[in-house]
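The analysis underlying the following values was restricted to heavy atoms, covering all of them including side chains, and did not include hydrogens, waters or symmetry mates.
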Amino acid sequence: MEIREEHQLNPVADEVSAITAVVGPILHGVLYSLKREVADALGGYEKIPLYLLARNHRPGDGDAGICFEYAVHDAVQRGEPSVQERVEDALKLCKIPGSHQSSILFGVEKSGKQSLIDTAADLLTSESRVMTGRVGHPPLLKRHIAAATTAFRTRGKASRLPQSIDGLWKADLFLGNSDSDKWVGTSVKINQIDLAPARGLRVGLVPTSQGRSDAVRKDDRKGLIICPVPYDGAFVEIFYMAWEVVTAFIHADAKLPKEVDLPRPAARQVARYLEDRRGFPAVDVIEALKRLAQPELLKTETSAAGLIVAGGVKADQMVTSVLAPTPIGLTS
């Protein structure tokens, strides 16, 4: 599994040039997530025109579904102070012992085919426990990963998870301290309104909101410890606008999408850039966009993530890449 991180280097200038800057890396991810045999049949990655890329793209390849989750996970792993201190407070409220803070990223692919558990080879042991906050012996995390993946696929129906953690399939991260090997299921949402209680989830991690309290606190109604973390919403909004442009453009067969599918004027302008170049090789289009994009907005880093395969996955069913934005707020 390849992780392509787009690190924000400078503040967002105008929307059109900023969206254009982010569209390039997204197109790169979509292009190189095509299976090689498909690319070879089309003349090779370097010769595939934009309109053929749109016709051969399959949803899920290079999916951006775990953008915010991965950015926060990475910040915890790197020891980003502004995030680390908030997570530390949340773990204390959950009564998790230990001091070596860490994160396990649990990202089930949308069709439920696999689970991505970054750094699991080092962190997930046979004694790793999920702390539920309930009376009784905490369940073993590693033993229930496959069941959580299956439960995700069925949206919790006929789940084989123990009752105390039958909502664990809704987790995005497992936060904890590696020295005690104790972990808590964590739901990560861009919008706090979307946080929902579930047995097995202890922490709700959300970006801080301007004008609202950023204190780590217990929400008795949802039964979650709410953990706001510093996050530059402007860059994330630009990232999602760029992702919206690419997905709408692909869905429209590499033509300008309907206004209802892409209503923002800035996004439609970038889509016009793509439509004007639909007959050119995608690699050339990506290069051409650089001259229209906001300069020095992004730096790309590529790394590999550990995988635990669940649910009888075959190699040709697996997602090959994930694209994740990391704003200034999580890199400084």
Side-chain angles (χ1 to χ4, degrees), residues 1 3 65-66 69-70 72-77 83-84 87-88 90-109 112-189 195-205 223-225 227 305-313 318 322:
M1 170 72 74
I3 302 290
I66 57 171
E69 292 96 320
Y70 189 86
V72 173
H73 160 77
D74 182 64
V76 174
Q77 291 294 83
V83 175
Q84 193 174 34
V87 172
E88 181 181 3
L91 293 178
K92 285 180 179 178
L93 287 175
C94 293
K95 299 182 179 179
I96 303 300
S99 58
H100 297 166
Q101 189 183 117
S102 198
S103 169
I104 297 173
L105 176 65
F106 176 50
V108 183
E109 194 268 335
K113 293 173 184 173
Q114 69 176 51
S115 53
L116 163 66
I117 306 187
D118 191 49
T119 69
D122 297 328
L123 295 175
L124 197 58
T125 75
S126 59
E127 294 301 317
S128 298
R129 300 277 178 178
V130 185
M131 308 304 288
T132 65
R134 298 170 178 267
V135 176
H137 207 48
L140 293 167
L141 177 55
K142 194 171 186 178
R143 178 184 296 177
H144 298 296
I145 287 297
T149 304
T150 301
F152 177 91
R153 185 187 303 121
T154 62
R155 312 310 293 171
K157 295 179 181 178
S159 171
R160 295 186 177 182
L161 289 166
Q163 185 180 20
S164 63
I165 55 169
D166 61 8
L168 196 66
W169 59 273
K170 295 182 179 181
D172 300 302
L173 302 176
F174 296 107
L175 295 175
N177 291 315
S178 59
D179 50 338
S180 67
D181 213 4
K182 302 293 192 298
W183 307 88
V184 289
T186 302
S187 177
V188 182
K189 300 295 182 186
L195 284 175
R199 283 184 292 222
L201 297 183
R202 297 288 308 282
V203 174
L205 199 150
L224 293 171
I225 302 300
C227 180
L307 287 174
I308 288 184
V309 176
V313 176
M318 297 175 70
V322 170

Q: Roughly how far apart are K92 NZ and E88 CD, rounded to 0.5 Å?
A: 4.0 Å
Q: Any side-chain to backbone donor/acceptor pair from S178 onto H100? Under 3.5 Å, distance only.
A: yes
Q: Using atom types as modelled and distance alone, determine if a side-chain donor or acceptor of Q77 lies under 3.5 Å from a backbone N or O of S103.
A: yes
Q: Can you tell if the side chain of I96 reaches within under 4.5 Å of the side chain of M131, non-hydrogen atoms only?
A: yes
Q: Quick check against the 3.5 Å criterion: does E127 have a side-chain atom that pairs as donor or acceptor with the backbone of D181?
A: no
Q: Going by side-chain contact (heavy atoms from CB on, under 4.5 Å), T132 matches just one of P138, P162, P139. Which one?
A: P139
Q: What is the minimum heavy-atom distance between A171 and G185, and which atoms define it?
A: CB-CA, 4.3 Å
Q: Verify, without hydrogens or angle tests, whether R202 (side chain) and I225 (backbone) share a donor-acceptor contact under 3.5 angstrom.
A: no
Q: On a heavy-atom basis, which atom in V203 and which in C94 lie closest, and how many Å separate them?
A: CG2-SG, 3.8 Å
Q: Measure across L195 and G204 and return the closest heavy-atom pair with its distance rounded to 0.1 Å.
A: CD2-CA, 3.8 Å
Q: Which heavy atom in P97 sits nearest to a heavy atom in N177, and how many Å separate them?
A: O-ND2, 3.0 Å
Q: Considering non-hydrogen atoms only, spot the tightest contact between S187 and L201 and give its length.
A: CB-CD1, 4.1 Å
Q: So which atom in W169 and which in A148 form the shortest heavy-atom distance, rounded to 0.1 Å?
A: CB-O, 3.2 Å
Q: Could you give the distance from CZ (F174) to OG (S102), rounded to the nearest 0.5 Å?
A: 13.0 Å
Q: Please check: side-chain N/O of D179 versus main-chain N/O of G98, any donor-acceptor pairing under 3.5 Å?
A: no
